[in-house]
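Step one of this worksheet: look at the structure below.
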Amino acid sequence: MPTPHTGSWTPALILSLVAAGTILSLSMGLRQSLGLFMEPMVRGTGITVATFGFAMAIQNLAWGIGQPFMGALCDRFGGRIVVVIASALYCVGLYLTATGSHIGLYLGGGLLIGLAVAGTSHGVLVGIVSRLATPAVRATAISILAAVGSLGTFVIAPVAQATIDGWSWQVSLGGLALLAASMAAVTLLFRRGKAEPPATAPSQQVDARRAIAEGLANRTFVITTVAFFACGFQLIFIATHLPNFVGICGLPPSVGAQAIALIGICNAVGTLVAGYLCQRWGNRNVLALIYLLRTASIAVFFALPVSIETTLLFAAAMGFLWLSVVPPVSGLINGLFGPANFGTLFGVMFLSHQVGAFLGAWLGGLSYQWSGSYSIGWISLVIVGTLAALLQLTADGDREPRLQTQ
C-alpha cells in the first residue's frame, strides 16, 4: 500500500509537469505541422516531394541519433539547459527552412530541427517527470504529460495553414519560430526534486554506459526497441505525406490541416486510456495492441475511397493511437531499470523508432516520385506494423504492478 508520501503530488512535480506538458505540446505541434509546408514549397520553389521527404527523413534520423545524448545530458545536468539549447536550434532551423533553398531545408528543417526535437520531446521531458514522481503516481503523471503534449497540434496545425493561405508559407514559418523561442521561457517553471526509487530497480546511479549495457542485455528491452521501428515508420510517413496524399486525391489543403489537428486532440484521449490500460493489462500487451489497431486502421483507410469523411475518421483513429505508445514504453523502462537513466535508455530505444521514421519519410517521397502514387508506402505500413505487433507479444511480462480488477 502506498503511503501518503509516496502517493502525493508535490508542488515541484506539478509545476514541472505543467512546464514539460507546455514544452512538449509546442514541440510536437511545430514538428507535426511541417507536412503542411510541402505543397506550397514544392509549388513555389525548386524543391520536389522527394526532396522534402528526404529532409524530413534527415530530421527524424537526427532526432533519433541526438536523443540518447540529449537524454544523457538531462540525466546528468537537468532538463532546463537542454531545453534552452533545443529552443535556439528550433528557431534557427525554422529560419533556414524559410529560405526555401535545398541547403536550408536539409540543414534547418532536417538536421537542426531534428536535434531540437530531441531536446524538447519525450526522452527528456518524461525523464524529468519520472524522477520527480513517486512510483504511486508516476504512470499517471507520464500519461498526463503525453496527453497534454498532443494538444499543441490541435491548435498549431490549423493556425499554420490559415497563415499559409492568408499570407505566405515563409510568414507562417516565422510565426512558428516565435513559438519555438517561447519554450526557453517555460523552463523557468522546472523544479528540482527526487522521488523514491522503486524497490525492484537494479541501479539508481546516473551512469549512461552501464545503463546501455544493462538495456542491451535485457530481452524485453531489445524486443521492444526493435518493434519500436514500426512506430516511427508508420507515424512519420503519415505526418509527412498525409496532407499531400489527400491533396492529390482531390481534397482541399484545409482537410490535411484538419486531419493533423484531429490527430492531436484525439491523441490526448487515447494516451490517457493507454496509461490506464497499462496498469490493468500490462505494458507489453497494450503496446502490441496499439501496433495492431494502428495497422488495421491504415489498412482500412487504404482500402476505402478517399473522402473528407474517411480522412477525418482515419485521423481520429490514428490520433487515438498516436502517442499512446509513450505510457507503455515508459512503463517498461521505468519498471525494468528505474528512472535514474531513463533519458539515456529511452534515447537508445527511440533511435530504432527514428530509423523507422527516416525510412517512412524518405521512402514515402521516393515511392510517390517513382510510381506517381503512395500505394507502395501504404502497403509497407501494413506489413511492418503487423510484424511489430507479433514481435512485441514475444517479449517477457512486465515488472510493474497492475491494478487489481474487481
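In what follows, every heavy atom counts, from backbone to side chain, and hydrogens, waters and symmetry copies are set aside.
- A donor and an acceptor atom, one from each side chain of Thr120 and Ser27, are located under 3.5 Å apart.
- There is no side-chain donor-acceptor pair under 3.5 Å between Tyr368 and Asn244.
- Counting only distance, with no hydrogens or angles, the side chain of Asn218 and the backbone of Phe221 share a donor-acceptor pair below 3.5 Å.
- Remark: side-chain polar atoms of Thr97 are paired, donor with acceptor, to backbone N or O of Gly109 under 3.5 angstrom.
- Side-chain atoms of Trp9 and Thr140, non-hydrogen and from C-beta on, do get closer than 4.5 Å to each other.
- The structure places OG1 of Thr224 at 5.0 Å from CE of Met349, a figure rounded to the nearest 0.5 Å.
- Interatomic distance, OG of Ser297 versus CZ of Phe314, reported as 7.0 Å (0.5 Å rounding).
- No donor-acceptor pair closer than 3.5 Å links the side chain of Ser172 to the backbone N or O of Trp169.
- Residue Phe233 comes nearest to Gly360 through the heavy atom pair CD1-N, 3.6 Å, listed as atom of the first residue, atom of the second, then distance.
- The nearest pair of heavy atoms linking Val325 to Cys231 is CG2-SG, 4.0 Å.
- For Thr48 and Thr51, the side-chain atoms include at least one donor-acceptor pair closer than 3.5 Å.
- Note that the CD1 atom of Ile236 and the CZ atom of Arg31 stand 4.0 Å from one another [nearest 0.5 Å].
- When the shell of 6.0 Å around CZ of Phe302 is examined, it contains more than 12 heavy atoms from other residues, nucleotides or ligands.
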Could you give me the CA-CA distance, side-chain angles and deciding distance for Val326 and Phe346, then say whether side-chain contact (heavy atoms from CB on, under 4.5 Å) is met? CA-CA 10 Å; Val326 174; Phe346 185 91; 5.6 Å; no
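- For Gln234 and Trp322, the side-chain atoms include no donor-acceptor pair closer than 3.5 Å.
- Ring-centre distance between Phe245 and His241: not below the 6.0 Å cut-off.
- For Gln59 and Trp63, the side-chain atoms include no donor-acceptor pair closer than 3.5 Å.
- Note that the SG atom of Cys278 and the CG atom of Leu289 stand 10.0 Å from one another [nearest 0.5 Å].
- Residues Asp165 and Gln161 bring a donor and an acceptor atom of their side chains to less than 3.5 Å of each other.
- Rounding to the nearest 0.5 Å gives a distance of 6.5 Å between CG of Leu94 and CG of Leu34.
- Defined by atom type and a distance below 3.5 Å, a donor-acceptor pair is present between the side-chain atoms of Thr310 and Ser307.
- Checking side-chain atoms of Asn60 against main-chain N and O of Met56 turns up a donor-acceptor pair under 3.5 Å.
- Scanning all heavy atoms of the two residues, the minimum distance from Phe342 to Ser330 falls at CZ-OG, 3.7 Å.
- A distance-only check finds no donor-acceptor pair linking the side chain of Ser352 to the backbone of Phe228 [under 3.5 Å].
- Summarising the geometry of Thr394 relative to Leu391, their closest heavy-atom pair is OG1-O, 2.5 Å, with the distance given to 0.1 Å.
- Remark: the backbone N or O of Leu13 is not paired with any side-chain donor or acceptor of Ser16 at under 3.5 angstrom.
- In this structure, the side chains of Val137 and Thr134 come closer than 4.5 Å at one or more pairs of heavy atoms.
- Taking the six-membered ring wherever Trp is involved, the centroid distance between the rings of Trp362 and Phe54 falls below 6.0 Å.
- His122 NE2 to Leu145 CG: the interatomic distance, rounded to the nearest 0.5 Å, is 6.5 Å.
- Counting only heavy atoms from C-beta outward, the side chains of Leu381 and Thr295 never approach each other to under 4.5 Å.
- Between Leu132 and Thr10, every side-chain heavy-atom pair lies at or beyond the 4.5 Å cut-off.
- At most 12 non-hydrogen atoms from other residues, nucleotides or ligands lie less than 6.0 angstrom from CD1 of Ile103.
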Throw together a table of side-chain donor-acceptor distances under 3.5 angstrom for residues 259-275, partners on residues two or more places apart or in other chains.
residue, atom, partner, partner atom, Å
Asn267, OD1, Thr271, OG1, 3.3
Asn267, OD1, Leu323, N, 2.6
Asn267, ND2, Ser150, OG, 3.2
Thr271, OG1, Asn267, O, 2.8

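- Within the 4.5 Å cutoff, the side chain of Met38 has heavy atoms near those of the Val49 side chain.
- For Arg294 (side chain) and Leu321 (main-chain N/O), a donor-acceptor pair under 3.5 Å exists by modelled atom type.
- Residues Thr311 and Ile308 have side chains not in contact (no heavy-atom distance under 4.5 Å, counting atoms from C-beta outward).
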List the steps and the verdict of side-chain contact (heavy atoms from CB on, under 4.5 Å) for Gln170 and Thr99. CA-CA 8 Å; Gln170 293 95 333; Thr99 64; over 6 Å; no
For side-chain contact (heavy atoms from CB on, under 4.5 Å), just list the numbers for Asn334 and Arg138, CA-CA rounded to whole Å, side-chain angles, deciding distance to a tenth of an Å, and then say yes or no. CA-CA 9 Å; Asn334 281 320; Arg138 184 173 294 140; 3.6 Å; yes
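- Scanning both residues, Thr225 and Val348, for their nearest heavy atoms gives CG2-O, 4.2 Å.
- More than 12 heavy atoms of other residues, nucleotides or ligands lie within 6.0 Å of OH in Tyr106, so this atom counts as buried by the packing criterion.
- The neighbour count for Arg209 CZ, taken as heavy atoms of other residues, nucleotides or ligands under 6.0 Å away, does not exceed 12.
- For the pair Val84 and Met183, the minimum side-chain heavy-atom distance is 4.5 Å or more.
- Residues Ile238 and Met318 have side chains in contact (heavy-atom distance under 4.5 Å, counting atoms from C-beta outward).
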Could you check Ile58 against Leu61 for side-chain contact (heavy atoms from CB on, under 4.5 Å), going step by step and ending with a plain yes or no? CA-CA 5 Å; Ile58 292 173; Leu61 190 60; 5.8 Å; no
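- When all heavy atoms are compared, the tightest approach of Pro328 to Leu287 is CG-CD1, 3.9 Å.
- Checked by atom type and distance alone, the side chain of Arg191 pairs as donor or acceptor with a backbone atom of Leu188 at under 3.5 Å.
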